[in-house]
Every structure is written in C-alpha cells, then in structure tokens.
There are 2 protein chains.
Amino acid sequence: MAAGRPTNPLALAVLTLLVERPMHPYEMSSTLKERSKQESIKLNFGSLYSVIDSLAKRGLIEVHETTREGKRPERTVYTVTDAGRTTMVDWLSELLRTPAKEFPQFEAGLSLMPALGVDDVISLLQRRLEQLRREQEVGRRMLQQADEMGLPRLFVIEHEYELALQSAEIEFVARFLDELTSGTFPGIGIWRRMDELRTAGVPTDQIDTTIQEEFKEDFPWLNKQ
Amino acid sequence: MAAGRPTNPLALAVLTLLVERPMHPYEMSSTLKERSKQESIKLNFGSLYSVIDSLAKRGLIEVHETTREGKRPERTVYTVTDAGRTTMVDWLSELLRTPAKEFPQFEAGLSLMPALGVDDVISLLQRRLEQLRREQEVGRRMLQQADEMGLPRLFVIEHEYELALQSAEIEFVARFLDELTSGTFPGIGIWRRMDELRTAGVPTDQIDTTIQEEFKEDFPWLNKQ
DNA sequence: CGGCTAATACTCGACTTCAAGTAATTGATT
DNA sequence: AATCAATTACTTGAAGTCGAGTATTAGCCG
C-alpha cells in the first residue's frame with residue numbers, strides 16, 4: 001500500500017468511473033471511449049492496466065470479483081475504496097484549482113526555431129496556420145452538432161476549452177507570420193544575418209562575435225553577454 | 001543504430017546545441033538553463049543522460065572525446081553526426097509545421113468535473129483564476145524587462161506564446177465562472193440535481209433514470225442514451 | 001585557514017508509458 | 001456453412017521518465 005497517488009490522469013478517470021459503479025478494465029476503457037474522454041485523457045491499454053495495478057497497490061481500489069465466460073480471459077472487476085474516493089476528490093480539486101506547468105510541443109519548437117532559416121520557418125508556419133484553421137472548423141462543427149442534438153454543455157466544456165486554446169494559437173501564429181512577412185518583426189535582421197553566416201560556413205563562435213559587433217546598437221543586451 | 005528518433009523534445013534541444021559546437025552533457029544542461037530553455041523544454045538529469053544514450057545508439061551523435069580533470073567524474077564530449085544534423089532539421093520542422101495533440105491537465109480536470117459539486121467547482125475555479133492572473137502579471141513583467149534590456153524578441157517568442165495561451169485560459173475560466181455564478185450556464189440545473197441525488201445516496205443507475213425523466217424536454221439528447 | 005555553500009558531473013533504480021501481440025467470441029456476409 | 005472483420009479482454013517487453021543520491025572541487029566569508 002504505497003503512499004501517494006499515480007501521476008497519470010488516466011488513474012483519476014478510473015477512480016471517477018469506479019465511484020459510479022464497479023467495473024473491469026476493459027469496460028472502463030470502453031466507457032471512456034464512449035464518452036469521448038479519450039480526447040482529453042490519453043488512453044492506451046498498457047497504461048490502463050498498469051495504472052489500475054498501481055491504484056490497487058496503493059489501496060485506492062480493490063478487486064471486487066473475478067469472473068470468466070467460456071475460454072475468454074478472466075475479467076477482474078474492481079471497486080473504489082474509501083481512500084480512493086477521498087483521493088479522487090482531492091486530485092480532481094487540485095487539477096481544477098492549480099494551474100500546472102505544461103510543455104507544449106510547439107513551445108519547444110518556437111524556442112529552438114532560430115536553428116532554422118527565416119524563410120523556412122515562414123513556410124512551415126503558414127502550413128501550420130492552414131492546418132489549425134481546418135481543425136478549428138471541424139471542432140466548431142462538432143460542438144454545434146452536439147448542441148443541436150440537445151447535449152448539455154456541461155458534457156462538452158473540455159472541448160470548448162480546447163477550442164479556446166486553439167483560437168489563441170491561431171491568432172498568435174497569424175500575427176507572428178504577419179510581422180515576419182512584412183519584415184516588421186524586431187530581430188528578423190539578426191536572424192537573417194545569422195542564416196547568412198551559417199550557410200557561408202562561418203563557425204559558431206565567430207558568428208556570435210560578428211552579430212554582436214553588427215547589432216550592438218539595436219540590441220544593447222547583446223553587449224552584456 | 002536503431003532507426004527513428006527519440007520522442008523527448010529534450011533530444012532535439014541536444015541536437016541543436018551540438019550543431020553549434022561539441023559539448024558534454026553537463027554543459028548542455030547549463031547552457032539550456034542559461035538560455036531559459038528549461039521553461040519550454042522539460043529538463044532533468046536522468047532524462048538528459050538517457051536521451052543522449054538514445055541519440056548515440058541511433059547514430060545521431062557520437063563521442064568526440066573523453067577528458068577528466070583531477071578526480072572529478074569523466075566528461076564525455078559529444079558531436080553531432082550528419083544524420084543528426086538532418087534529423088534536427090526534419091524534427092524541428094515538423095514541430096513547427098504540424099499541430100500536435102496535447103493533453104493539458106486542466107482539460108482532463110474539466111472533463112471529469114461533474115464528479116464534484118457545482119459550488120465546490122465554482123470556488124476551485126475562482127482560486128485558479130486568481131492564480132492565473134498573478135502568474136500572467138509576472139510573465140508580462142518579465143517580457144517587458146527583457147525588452148527594456150534590449151533582448152531581441154526572437155529569443156523570447158516562446159514566452160509570448162505561453163502568455164497568449166494563458167490569456168486565453170483566463171478569458172475562458174472567467175466567462176465560464178460568470179455563467180456558473182449567474183446561473184445562466186445551460187446544464188447547471190442537471191448538475192445541481194445530480195449533486196442532490198448523489199449526496200442523498202441514490203445509486204448511480206437510478207440517478208441516471210431520474211435525470212433522464214426530469215430533463216428530457218430541455219435536453220433531447222438524454223433520451224437517446 | 002577552516003568550514004560551508006554552490007557548482008560540477010554523473011549514476012541509479014523505481015516507476016511509467018506504449019505499441020504490438022495473443023487469443024477467444026460474436027456477427028455479418030458471401 | 002465458411003470466412004472474415006470487429007469486438008472483447010488482457011499480457012509483454014522494450015524504452016523512456018524522474019527525482020534523489022553520490023562524490024569532487026572552487027570560492028568565499030569571517
């Protein structure tokens with residue numbers, strides 16, 4: 001009965017399901033898929049069975065019964081314990097109360113971006129923008145359909161959140177692209193010059209000193225480095 | 001020399017550093033910290049050494065030399081290979097070009113939210129909103145300072161992106177809270193009734209049928225379930 | 001000059017993730 | 001009646017993640 005809780009949100013999803021009623025792992029997986037939770041919580045079999053083991057080891061859930069039909073694999077039905085119920089409430093509360101530090105892939109990409117050339121980046125971001133707009137359209141239509149079918153917004157709020165973030169990204173990329181293509185982005189001069197020196201085969205430390213020399217007036221910070 | 005590439009963006013960061021010049025692992029770590037990349041790319045020692053092994057096994061980097069000073073641990077200096085250079089460009093391009101499916105913690109929380117009571121959720125989200133606003137203030141101030149010091153925007157663009165996402169979340173939470181506290185959120189009636197039945201100890205399947213009966217006119221979708 | 005913190009440099013092992021594999025049963029189609 | 005895809009249900013192993021631990025040296029303060 002190791003202390004603490006698993007870190008994978010899938011374990012929290014398992015707890016909320018077992019608070020509803022006892023289930024076996026495969027049923028949890030189907031239920032989550034049916035309710036489209038797998039779009040908000042990463043779900044795969046390996047992880048599912050392993051977080052269930054982990055919850056059991058910690059005494060947050062326990063085996064309710066094991067059954068088998070014919071020669072099919074055995075089904076292990078689990079229930080939540082009192083400790084599990086408490087953990088569910090605590091954990092879920094924390095998710096809602098405390099903003100977590102996330103590391104989106106695109107942020108990583110942006111932070112390493114200067115390793116590519118300006119013009120390459122422009123065309124990559126244009127493609128991203130198109131893709132994002134297509135996805136946004138799809139997302140919007142799905143929300144609209146859900147609404148028309150009379151599905152309470154309570155059950156799609158997470159998709160509204162996703163759309164909100166997506167729209168913000170679209171605006172960000174569009175504005176950034178605008179500044180890049182119009183040449184008004186402060187720093188594009190440095191970037192182009194770095195490209196030039198790089199493609200000319202100048203070694204990195206020389207690039208640094210050259211850039212420092214050439215741009216020290218525009219960007220005082222370069223001197224302090 | 002296993003094919004493919006590691007999936008951890010930290011490995012991409014390592015490649016970009018080694019394209020600049022040969023380095024040993026600890027130096028990579030310090031350089032990334034110095035350039036504040038660890039705010040956009042999760043960095044910890046264990047992962048660093050393991051992605052370096054993985055890159056080496058795949059032939060994307062190789063040992064340049066090993067040195068030691070006094071009785072300190074040996075330093076293994078690595079260089080990037082031609083295959084590594086290509087992989088760096090391909091991978092980084094993909095990060096910028098193709099939106100990746102992410103699973104933010106808060107989205108998981110929102111999708112499981114109905115497991116808590118309405119009033120609890122309201123107070124949790126109020127705390128979140130306050131926290132988000134404080135963090136936004138800090139982030140803004142840091143960007144402003146960077147600007148005043150003459151640091152080109154090119155090198156803080158990832159933080160601008162972070163702020164853009166954060167602002168979108170703030171607006172989303174504020175609006176949602178507004179609808180909840182004013183009672184105009186469609187679905188809050190169902191939610192409160194579910195709370196009520198749950199706290200009264202009614203079993204889950206009975207809650208379902210009761211809710212279905214009571215709300216079938218407002219939300220036709222409930223009938224189809 | 002002695003002691004204490006910070007920086008340097010990496011190791012370890014417990015835990016988690018994930019895709020692919022296995023194997024039986026149901027249902028639809030030819 | 002044969003077959004073939006889809007569904008049910010779980011297992012496995014290779015790889016990846018993470019924080020804590022270890023050990024040395026440099027710098028600094030009184």
Side-chain angles (χ1 to χ4, degrees), chain A residues 1-14 17 22-34 38 41-58 60 63-78 100-103 105 108, chain B residues 1-14 17 22-34 38 41-58 60 63-78 100-103 105 108:
Chain A
M1 227 197 260
R5 52 169 106 117
T7 52
N8 190 337
L10 182 56
L12 176 58
V14 167
L17 288 175
M23 283 190 198
H24 56 93
Y26 189 81
E27 195 184 357
M28 298 179 205
S29 154
S30 326
T31 310
L32 290 173
K33 277 177 186 159
E34 202 184 287
Q38 92 290 0
I41 297 168
K42 208 188 296 180
L43 169 63
N44 64 54
F45 286 111
S47 305
L48 179 60
Y49 286 93
S50 102
V51 301
I52 286 174
D53 281 354
S54 166
L55 286 168
K57 224 180 281 169
R58 293 172 152 94
L60 302 176
V63 174
H64 183 68
E65 55 169 358
T66 64
T67 65
R68 100 177 308 159
E69 285 164 28
K71 275 181 202 163
R72 288 218 192 161
E74 208 171 50
R75 296 195 305 194
T76 307
V77 180
Y78 292 87
K101 172 92 196 104
E102 315 266 0
F103 295 87
Q105 305 256 71
Chain B
M1 228 197 261
R5 52 169 106 117
T7 52
N8 190 336
L10 183 55
L12 177 57
V14 166
L17 288 175
M23 282 191 198
H24 57 93
Y26 188 82
E27 193 184 356
M28 298 180 205
S29 155
S30 329
T31 310
L32 289 173
K33 277 178 187 158
E34 202 184 284
Q38 91 289 3
I41 297 166
K42 208 189 296 182
L43 169 63
N44 64 52
F45 287 111
S47 304
L48 179 60
Y49 286 92
S50 104
V51 302
I52 286 174
D53 280 355
S54 165
L55 285 167
K57 224 181 278 167
R58 291 173 153 93
L60 303 175
V63 174
H64 183 68
E65 55 168 358
T66 64
T67 64
R68 99 177 311 158
E69 283 164 29
K71 275 181 199 164
R72 287 216 191 160
E74 205 171 52
R75 297 194 304 194
T76 308
V77 180
Y78 292 87
K101 172 90 194 106
E102 314 266 1
F103 295 87
Q105 305 257 70

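Proteins come first, then strands; the chains are lettered A, B, ... in the order of their sequence lines, and each starts at number 1.
- Looking at the side chain of B:Arg75, the nearest of the listed nucleotides C:dA19, C:dT16, C:dA9 is C:dA9.
- If you take CG of A:Leu10 and P of C:dT17, they are 8 Å apart, rounded to a whole angstrom.
- In this structure, B:Asn44 atom CG and C:dC12 atom C1' are separated by 13 Å, rounded to whole Å.
- Between B:Lys42 and the phosphate of D:dT17, there is no side-chain N or O to OP1/OP2 separation shorter than 4.0 Å.
- Among the protein residues, A:Thr76 comes within range of the sugar-phosphate backbone only, with heavy atoms under 4.0 Å from sugar or phosphate atoms but none that close to a base.
- Proximity of a side-chain donor or acceptor of B:Ser30 to a complementary backbone N or O of B:Tyr26 within less than 3.5 Å is detected.
- As a whole-Å value, the separation of A:Leu55 CG from C:dT16 C1' is 13 Å.
- The separation between A:Lys57 atom NZ and C:dA14 atom C1' is 10 Å, rounded to whole Å.
- Listed candidates were C:dC18, C:dC10, D:dC10. Nearest to the side chain of A:Pro25 is D:dC10.
- With distances taken from any side-chain atom of B:Ser54 to the nucleotides C:dT11, D:dG16, C:dC18, the minimum falls on D:dG16.
- Taking atom OH on A:Tyr49 and atom P on D:dT11, their separation rounds to 7 Å, with Å as the unit.
- Between A:Ile52 atom CD1 and D:dT12 atom C1' there is a gap of 16 Å when expressed in whole angstrom units.
- Looking at heavy atoms from C-beta onward, B:Pro22 lies out of side-chain contact with B:Glu65 at the 4.5 angstrom threshold.
- Separating the CZ atom of B:Phe45 from the P atom of D:dG19 is a distance of 12 Å, rounded to the nearest angstrom.
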Show me, pair by pair, the donor-acceptor contacts under 3.5 angstrom made by side chains of residues 42-49 of chain B, not counting sequence neighbours?
unit_1	atom_1	unit_2	atom_2	d
B:Asn44	OD1	B:Ser47	N	3.1
B:Asn44	OD1	B:Ser47	OG	2.9

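- Checking C:dT17, C:dA20, D:dG16 against the side-chain heavy atoms of A:Val51 singles out C:dT17 as nearest.
- Among the protein residues, A:Asn8 comes within range of the sugar-phosphate backbone only, with heavy atoms under 4.0 Å from sugar or phosphate atoms but none that close to a base.
- Atom CD1 of B:Ile41 is separated from atom C1' of D:dT17 by 16 Å (rounded to the nearest Å).
- Contact annotation: A:Tyr26 does not reach the phosphate of D:dC10 (side-chain N/O to OP1 or OP2, under 4.0 Å).
- Taking the nucleotide of DNA chain C with the nearest heavy atom to each of B:Gly46 and B:His24, the more 5' of the two is matched to B:His24.
- Under a 3.5 Å cut-off, the side chain of B:Ser54 and the backbone N or O of B:Ser50 do not form any donor-acceptor pair.
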